[in-house]
Amino acid sequence: MLDYLARRILGAAATLATVVAAVFFATRLSGNAMDYLLPPGIDLETKAAMVARFGLDQPLWVQFGNFIGGLFQGDMGLSLYERRPVTAIYAERLPNTLELFAYALTLSVVVGLPLGVAAALQRKNTIGSAIMGVAFLGYATPNFVLAIVMILVFSFKLHWLPSSGSATPLHLLMPAIVLAAPMLAEIIRFSRNALLDVMSQDYLRTARAKGLPERLVIGKHALRNAAIPVVTVIGLQVAGMVARCVLVEAVFATKGIGDLVVFAAIGRDYPVLQFGVILIAALVVTVSLIVDLLYALIDPRVKVTSS
């Protein structure tokens, strides 16, 4: 178990180190930030002073060393546009992202699990087929397509929901649905398949032969043993949901971390973009690592087959 833990932690650390290096050099190759920050026609002396102020006149390896040093000290520098610490900007946006994330996660689990169970129990009629059809659409439809369709229908056509912002829970309803759609579909599919696999086991037939009511057979025995793969897929989808927040928040302008990263990329705001990508990557890697370790504790076969 310790070897497995060490391998996973080293792999996560290597992934994060690669992301840190890649995001630093990729932002520098994307263009000169001052060409976007400063107005056209500005004199060369003023431009040179601004470049020197943010340390962009130093050799690339020196900038990278300063970036790594600041990263370990918790200092991600100043935003090129707002002239404020990057960490302070993200601290302001984080509550909106966490609220949206909580809504989407709750929606996925609360709706997905019952639908998955219903799809398994009603697999031979139209109800089960309809549920799986909805799951297929949720899994196959790209987030940005679903977001645009929902805005056109519910905001511009029916005028039921606001198309942007995060002032009220109603503002977050459409973004939460769009963000939850792929995870909801995966939970339905995995919970259905896991329950069908468990329902064919001998111990359930024994429970029925003893005269236990069907609701106890399903609720007490089948669901408990079908929970392992479902919990695993929920954990993995949480990591994917973190990454999808960027697109969803940008489309709906929820004033969260996602649209901050998008606008930082457009405006070449290096410090803001770097911290955003590293933060998202760290969350994804951490969640994936936790899921791996939990699954290894639950299923001992993982430790034997992993390398």
Side-chain angles (χ1 to χ4, degrees), residues 94-123 125-141 143 146-147 149-150 153-154 160-162 166-199 214-245 247-249 251-252 254 256 258 283-284 287-288 290-291 294-295 298:
L94 185 59
N96 291 337
T97 298
L98 291 178
E99 187 177 12
L100 173 61
F101 191 86
Y103 285 153
L105 181 60
T106 302
L107 178 65
S108 300
V109 176
V110 171
V111 176
L113 288 177
L115 287 180
V117 173
L121 298 179
Q122 304 293 331
R123 61 190 181 279
N125 56 38
T126 55
I127 295 177
S129 299
I131 292 174
M132 294 309 297
V134 171
F136 175 78
L137 288 176
Y139 188 76
T141 305
N143 282 141
L146 181 58
V149 170
M150 291 192 70
V153 174
F154 295 105
W160 288 355
L161 298 171
S166 57
T168 66
L170 204 60
H171 285 78
L172 295 176
L173 182 57
M174 284 198 298
I177 292 173
V178 173
L179 185 60
M183 183 175 182
L184 176 65
E186 282 288 273
I187 291 176
I188 292 174
R189 187 167 68 90
F190 271 80
S191 58
R192 174 187 180 273
N193 293 343
L195 189 57
L196 288 177
D197 183 61
V198 169
M199 288 171 64
E214 188 66 16
R215 59 184 179 83
L216 287 181
V217 173
I218 299 298
K220 186 176 180 180
H221 298 284
L223 290 180
R224 181 183 300 176
N225 290 279
I228 293 177
V230 177
V231 171
T232 302
V233 77
I234 289 175
L236 294 176
Q237 282 296 313
V238 165
M241 188 181 288
V242 172
R244 291 196 300 272
C245 271
L247 175 62
V248 173
E249 288 188 323
V251 172
F252 288 98
T254 58
L283 290 173
V284 171
V287 172
S288 300
I290 292 173
V291 171
L294 289 177
Y295 197 69
I298 295 172

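Bear in mind the structure is a predicted one, so any value in this text is a computation, not a measurement. When reading the values below, keep in mind they use all heavy atoms of this one structure, side chains included, and skip hydrogens, waters and symmetry mates.
A heavy-atom distance below 4.5 Å is not found between the side chains of Met132 and Arg123.
Going from atom CE of Met174 over to atom CH2 of Trp160 covers 12.0 Å, rounded to the nearest 0.5 Å. Between the CG atom of Leu161 and the CZ atom of Phe252 there is a distance of 9.5 Å, given to the nearest 0.5 Å. Atoms SG and CG, on Cys245 and Asn96 in that order, are 11.5 Å from each other to the nearest 0.5 Å. Here the CZ atom belonging to Phe136 is positioned 8.0 Å from the OG1 atom belonging to Thr141, to the nearest 0.5 angstrom. Summarising the geometry, atom CD belonging to Glu99 is positioned 11.5 Å from atom CG belonging to Leu94; distances are rounded to the nearest 0.5 Å. Put simply, CG on Leu115 and CG on Leu184 are 6.5 Å apart, with the number rounded to the nearest 0.5 Å.
None of Val238, Ile188, Leu107 except one satisfies the side-chain contact (heavy atoms from CB on, under 4.5 Å) rule with Met183; the exception is Val238.
Pairing each heavy atom of Pro175 with each of Thr254, the nearest pair is CG-CG2, 4.1 Å. Heavy atoms only, all atoms of each residue included: Ala104 and Met241 are closest at CB-SD, 3.9 Å. Pairing each heavy atom of Ala120 with each of Leu195, the nearest pair is CB-CD2, 3.7 Å. Considering all non-hydrogen atoms of both residues, Gly112 and Ser191 come closest at O-OG, 4.1 Å. Residue Leu179 comes nearest to Leu100 through the heavy atom pair CD2-CG, 4.1 Å, listed as atom of the first residue, atom of the second, then distance. When all heavy atoms of Arg244 and Pro182 are compared, the pair lying nearest together is NE-CG, 3.7 Å.
At a cut-off of 3.5 Å, with distance as the only test, a side-chain donor of Gln122 or Asn125 sits close to an acceptor on the other residue.
Asn143 contributes no side-chain N or O that, together with a main-chain N or O of Leu247, makes up a donor-acceptor pair within less than 3.5 Å.
A 6.0 Å sphere centred on OH of Tyr103 holds more than 12 heavy atoms belonging to other residues, nucleotides or ligands.
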